[in-house]
Amino acid sequence: MTQDEADVVVVGLGPVGIALCNLLAAAGVGVEGIDAADDVYALPRAIGMDHEVMRIFQNIGAADQVAAATGQYRASEYRSADGVLLRRFESPAQPYPLAWPPYLTFLQPELEKALRANGKRFPNLTLRTATELVGLENPDRPVLTLHDKVSGKRTKRTPHYVVGCDGAASFIRRRLDVALEDLDFDEPWLVVDMILEDGHVPLPETNVQFCDPARPHTYVYGPDRLRRWEFMILPGENPVEINRPERIWQLLSPWLRPDQARIWRSATYNFHALVAEQWRVGSVFLAGDACHMTPPFLAQGMVQGIKDAANLAWKLAYVMGGGSEHLLNTYETERRPFIREVIEITKRLGKVICELDPGKARARDAEMVAAMQAGQGIQVRQNLFPPIRHGLVSGGVDGSSTAGAGEPCPQPWVVGPFGRVRLDEALPPGFQLLITGDMDVSLNLLEKSREAGVAVHRVAQDRSYPALLVEEDRVLADWLTSKGARAVLVRPDHVVFGTASDAGEAEQIVRQLQTMLAATGQ
Ligand SMILES: O=C(O)CCc1cccc(O)c1
């Protein structure tokens, strides 16, 4: 590797790749990001993200620019063929647990532009477009061959690590001969993005899953004038024929006339459920669509890719800074079972929506209406997925888990030396032990935390405690109380390592973290 070569090469600058470039660069790692196209893809593919993703954008300093490309929170409804409400996902009450709405839509080209522009802030990040990966040898010590599509020149790279964010057809995954596990979902759908001519067309104000056995379809209320419809392609229908403008307008006729909107994009897809059998080969990693594909019913495609990026980025930075290489194995240990669960939950919802048998659809409707009447049909859009259970979390290896381990740590608004900010903005990056105003701290705990590289911060619930940071609401305090805890040990990606109720227990989880970080083979 030459002096000025990057430590990590990220292949593919879609939302996952560019988020990873920003995260690595923000953590001080030298990064080169390459993409075969000469600019961002001009049409939307992903449309939804969640509060964890928005928090990641906040952490790289891009929240304001990204927020300009997002819409406001919309509830999600499931409705029967005759319009009866079958289920509704509501927003949690404010203040939001992670300081952002739980679900937002966005304009993908604008989001990607904002993330690329944000990348310019980092002198240790080089972005190269119109540059194609054409060769990958020796994944243990990777040698890449890049083709500059403008000059026609070929050059080599020998970085420490490579991350393939190169999409569903990933060159890297195929080059490494990594198989995809098929989780048995394969449905052809038509996706249509419409731009309204003006904002006054009477359309649903929420996202809607129309559970209509004659043709299951989805409506998504996008930002500004973007509205998306997705239509199942029925057995015997031809995907090319259904994607013609005349057919699209026919399908949209219950909502729109041609003078009210224009077609921005239409495409046919097979919605899949696939997970790569290996996420790491030597020093090469896969992330995003290159290693998993989720049916879209909970808008998890890009979300989970960006969470891959956040999971991997701090681990690569930690190892580049001298930490044990084995930490990198926890990327797959943590993310792969998690994604399999996300896919199973999404598939279950997909099966509800995609029912084509009218009799079974009537039975489903009756069951869901009964659940609505029993008060179970209105669900808060929170904790849809389980916590991370394996890897670098308390109990992730030996089973002695603590409450809240593997969940995202709440992010309250705090008042401190920098004024009123979201918690992450008041803290340096790294491992944090956050303790309540009333928890006693021992010298042993402080000493052990210093030795383990864990910063200790008191986040008080009111001004009666001497603390630099005071929560505006009880977002963190109430979460801790719900876990029977007064301290939380948090990883650099805001995943909870573990919780403790006093200084003695806190010292134990800090010791556990230190042992796990130093371990030579998880
Ligand atoms: O509201 C939701 O939970 C997801 C809405 C959505 C977004 C994108 C595609 C899709 O099928 C559903």
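When a ligand or atom number is given, it counts from 1 through the structure's own listing order.
At least one heavy atom of Phe297 sits under 4.0 Å from some atom of ligand 1.
Residue Glu230 has at least one nitrogen or oxygen atom sitting less than 3.5 Å from a nitrogen or oxygen atom of ligand 1, judged on distance alone. Of the polar atoms of Thr218, none of the N or O atoms is found under 3.5 Å from an N or O of ligand 1, judged by distance alone.
Between the Arg87 side chain and the Glu77 main chain, no donor and acceptor come within less than 3.5 Å of each other.
Side chain to side chain, Tyr219 and Arg228 fail the donor-acceptor criterion of an N or O pair below 3.5 Å.
The side chain of Gln209, and not its backbone, has at least one atom closer than 4.0 Å to an atom of ligand 1 (non-hydrogen atoms only; side chain from C-beta on). When non-hydrogen atoms are compared, ligand 1 lies under 4.0 Å from neither the backbone nor the side chain of Thr105.
Looking only at heavy atoms of the protein, atom 8 (C) of ligand 1 is closest to Ile47 CG2, 3.6 Å. Ranking the protein heavy atoms by distance from atom 1 (O) of ligand 1 puts Ser76 OG, 2.2 Å first. Summary of contacts: the protein heavy atom closest to atom 5 (C) of ligand 1 is Tyr103 OH, 3.4 Å. In this structure, the protein non-hydrogen atom closest to atom 12 (C) of ligand 1 is Pro296 O, 3.6 Å. The closest protein non-hydrogen atom to atom 3 (O) of ligand 1 is Arg381 NH1, 2.8 Å. When hydrogens are left out, the protein atom nearest atom 6 (C) of ligand 1 is Val220 CG2, 3.7 Å; that is the closest non-hydrogen contact.
The only option from Trp255, Trp229, Trp189 that meets the ring pair (Phe, Tyr, Trp, His ring centres under 6.0 Å) definition with His217 turns out to be Trp255. Among Val9, Leu20, Val31, the single residue meeting the side-chain contact (heavy atoms from CB on, under 4.5 Å) criterion with Val163 is Leu20.
Taking every non-hydrogen atom of Asn207 and a distance limit under 4.0 Å, the qualifying atoms of ligand 1 come out as 1 (O).
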For this session: Evaluate the criterion side chain to side chain contact (heavy atoms under 4.5 Å, CB included) for residue pair Leu274 and His292; output intermediate values, then yes/no.
Result: CA-CA 5 Å; Leu274 302 167; His292 47 82; over 6 Å; no

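Ring geometry, Tyr161 versus Phe285: the interplanar angle falls from 30° to 60°, so the pair is classed tilted. Aromatic ring orientation, Phe338 versus Phe385: perpendicular (interplanar angle above 60°, classes split at 30° and 60°).
To the nearest 0.5 Å, atom CD1 of residue Ile343 and atom CG of residue Asp184 are 11.5 Å apart.
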